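This report concerns only the one structure given below.
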Amino acid sequence: LHPLKDEIIKKSLEISPESPAYFTANYYRLKLLIEAEKDLGEIRKEIDNILKIIPEEQLIAKSHFKDLRMIAARDLKEALTYSLRDVLGIKYAYEKRYPYFDQDALLIDKKIKQLFNESLPLEIWVEIALSNDIFPSETTKQFQLVTFIRSVLSEDFESAGKIANALSVANPDLKEELADFVRAKNYNERKFTAAIFILKNRELGYVLDSQFDAKIVRGHSGNRWWCPYPRKHYFGHESYEIDNLMRFVPPEKVQKAESENDKLYKTIAPNYLSEAVIDYAVRVPNDPRVPEALHLSVMSTRFAWCKDEKTSDFSRRAFQILHNNYPHNNWTKMTPYWY
């Protein structure tokens with residue numbers, strides 16, 4: 001704790017609400033009280049009262065106090081309701097311009113995103129994804145899509161089906177795209193139809209990151225499927241102190257999440273997708289969806305951002321099946337090479 005903690009707390013209480021320093025002083029006072037593990041119930045009341053009097057235009061002040069309220073929450077669900085942050089602007093380091101963005105967009109706090117990515121098992125992702133009273137509609141949609149990918153890669157097709165149904169009901173634009181997956185009758189067909197959906201939607205990912213934010217703010221991310229997490233070599237990776245948030249998660253759930261992630265985060269997108277398609281093409285060669293799926297698989301091995309030494313072999317196998325089994329198909333003509 002800060003060596004001047006007691007003095008800071010005492011002096012901040014002497015500052016009038018009319019003073020320009022009022023919000024700053026009370027932010028640090030309440031932050032120190034939380035760190036000292038004082039009565040969180042009283043702290044929550046104080047933060048709620050301050051949030052009521054912060055002027056609407058002071059978005060940064062509001063964001064800071066929401067952060068404190070998130071940390072002092074009673075449980076994870078309450079923390080999530082205070083995790084949403086207003087977007088003040090977007091600037092790219094490699095382009096000196098401010099692109100269009102949704103002024104009403106709300107992003108999830110980075111500490112919460114880290115908590116989900118690293119310490120929450122799939123079952124909690126699914127529980128939150130199926131809740132309609134936490135995030136606004138666009139954030140909910142993108143969160144559900146990430147959870148769908150995680151469910152598929154974890155081969156929890158029961159959870160993936162629940163998410164797909166929720167997405168179909170709330171988003172007519174996705175209903176047709178997910179229809180084949182929803183109708184799939186067995187494990188192999190579910191995996192195959194999920195792969196087709198992901199191949200056609202290359203911006204989908206399996207973590208809450210900057211690409212997830214871009215989908216909410218700009219409607220697209222420019223992503224080419226996912227890369228192993230954390231993605232240090234592309235956009236950097238910041239790590240935050242989340243001990244206060246970890247109290248919402250039982251140790252056994254954290255262990256389960258770590259076990260799930262150990263496998264999940266080693267998945268190479270074009271390899272996984274191509275293997276799912278190839279396996280189904282061998283089992284059910286007469287399915288009319290197979291040629292397109294094989295074409296999309298080969299394209300993924302070319303355009304995916306992250307590959308490994310096995311990717312080219314998957315590309316070759318998908319190419320050979322397509323050309324040997326469907327020589328006169330239009331999708332075959334559109335696939336002259338493997339990569």
Side-chain angles (χ1 to χ4, degrees), residues 141-142 144-146 148-149 151-153 155 157 160-161 163-165 167-168 171-206 211 215 218-227 267-339:
K141 173 184 176 180
Q142 299 306 328
Q144 288 176 336
L145 285 167
V146 173
F148 176 80
I149 301 299
S151 300
V152 168
L153 296 181
E155 300 198 334
F157 291 111
I163 301 297
N165 280 317
L167 281 164
S168 298
N171 305 277
D173 56 315
L174 290 175
K175 184 174 182 179
E176 184 176 349
E177 288 191 67
L178 287 166
D180 281 354
F181 177 81
V182 171
R183 289 193 296 261
K185 297 179 175 60
N186 55 57
Y187 167 86
N188 291 313
E189 189 178 8
R190 290 188 189 102
K191 191 170 183 177
F192 171 69
T193 51
I196 293 178
F197 176 75
I198 298 169
L199 284 164
K200 290 182 176 180
N201 293 273
R202 69 183 191 179
E203 294 190 344
L204 297 179
Y206 62 0
Q211 302 300 311
K215 288 280 287 181
R218 293 188 285 126
H220 65 88
S221 67
N223 202 13
R224 295 180 183 178
W225 298 283
W226 61 84
C227 286
T267 307
I268 307 298
N271 299 7
Y272 172 87
L273 297 169
S274 297
E275 185 173 33
V277 169
I278 290 168
D279 182 65
Y280 187 82
V282 172
R283 292 173 182 271
V284 194
N286 294 326
D287 190 317
R289 298 169 295 186
V290 167
E292 180 185 11
L294 289 166
H295 163 79
L296 293 171
S297 298
V298 174
M299 292 300 100
S300 76
T301 66
R302 178 184 182 186
F303 293 110
W305 275 344
C306 292
K307 313 171 190 179
D308 67 5
E309 67 281 357
K310 299 178 182 178
T311 305
S312 185
D313 185 52
F314 282 110
S315 184
R316 178 182 56 79
R317 288 166 60 195
F319 175 89
Q320 288 175 339
I321 294 172
L322 181 59
H323 280 262
N324 291 338
N325 294 1
Y326 315 95
H328 305 297
N329 192 280
N330 285 334
W331 292 108
T332 306
K333 297 174 184 177
M334 293 170 62
T335 318
Y337 310 107
W338 58 272
Y339 303 93

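Everything numeric here is computed off the predicted structure, so don't read it as measured data.
Here CG of N330 is found 10.5 Å from OG1 of T335. Values are rounded to the nearest 0.5 Å. Summarising the geometry, atom OG belonging to S312 is positioned 12.0 Å from atom CZ belonging to R317; distances are rounded to the nearest 0.5 Å. Rounding to the nearest 0.5 angstrom, the gap separating the OG atom in S274 from the CZ atom in R316 is 12.0 Å. Remark: N171 CG to K175 NZ distance equals 11.5 Å, nearest 0.5 Å. Going from atom NZ of K310 over to atom OG of S315 covers 16.0 Å, rounded to the nearest 0.5 Å.
Contact check for F319 versus S297: no side-chain heavy atoms found under the 4.5 Å cut-off. Side-chain atoms of L199 and V277, non-hydrogen and from C-beta on, do get closer than 4.5 Å to each other. The shortest side-chain heavy-atom distance between F148 and F181 falls under the 4.5 Å cut-off. Between W331 and V298 the shortest side-chain heavy-atom distance does not fall below 4.5 Å. Annotation: side chain of W226 is in contact with side chain of T267 (closest heavy-atom distance under 4.5 Å). Side-chain atoms of I278 and E275, non-hydrogen and from C-beta on, never get closer than 4.5 Å to each other. By the 4.5 Å heavy-atom criterion applied to side chains, W338 and T301 are not counted as neighbours. Side-chain contact between L178 and L167 is present, with heavy atoms from C-beta onward closer than 4.5 Å.
Applying the ring-ring contact (aromatic ring centres under 6.0 Å, His included) criterion to F157, with sequence neighbours excluded, gives Y187. Every residue meeting the ring-ring contact (aromatic ring centres under 6.0 Å, His included) condition with F192, not counting sequence neighbours, appears here in chain and number order: Y280. Among residues two or more places apart in sequence or in another chain, the side-chain hydrogen bond (donor to acceptor under 3.5 Å, both in side chains) test is passed with N286 by none. Every residue two or more places apart in sequence or in another chain was checked for a side-chain hydrogen bond (donor to acceptor under 3.5 Å, both in side chains) with T193, and none qualifies. Considering only residues two or more places apart in sequence or on other chains, D279 meets the side-chain hydrogen bond (donor to acceptor under 3.5 Å, both in side chains) condition with R283. Residues satisfying the salt bridge (charged side-chain N to carboxylate O under 4.0 Å, His left out) criterion with R289, sequence neighbours excluded, are D180, E189, D287. Every residue two or more places apart in sequence or in another chain that forms a side chain to side chain contact (heavy atoms under 4.5 Å, CB included) with K200 is listed here: I196, E292, L296. Residues meeting the salt bridge (charged side-chain N to carboxylate O under 4.0 Å, His left out) test with K141, sequence neighbours left out: D173. With sequence neighbours left out, the side-chain hydrogen bond (donor to acceptor under 3.5 Å, both in side chains) criterion links Q144 to no other residue. In this structure, the side chain to side chain contact (heavy atoms under 4.5 Å, CB included) partners of Y337, at least two apart in sequence or on a different chain, are Y339. With sequence neighbours left out, T332 forms a side chain to side chain contact (heavy atoms under 4.5 Å, CB included) with L322, H323, Y326, N329. The side chain to side chain contact (heavy atoms under 4.5 Å, CB included) check on A276 picks up K191, A195, with sequence neighbours excluded.
In this structure, N201 contributes its side chain and E203 its backbone to no donor-acceptor pair below 3.5 Å. In this structure, W225 contributes its side chain and F303 its backbone to no donor-acceptor pair below 3.5 Å.
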Notebook entry, point to check: Would T311 and D308 count as a side chain to side chain donor-acceptor pair (under 3.5 Å) if you check the C-alpha gap in whole Å, the side-chain angles of each, and the deciding distance to 0.1 Å?
Noted result: CA-CA 6 Å; T311 305; D308 67 5; 3.3 Å; yes
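Closest approach of L204 to N223, counting heavy atoms only: O-ND2, 4.2 Å.
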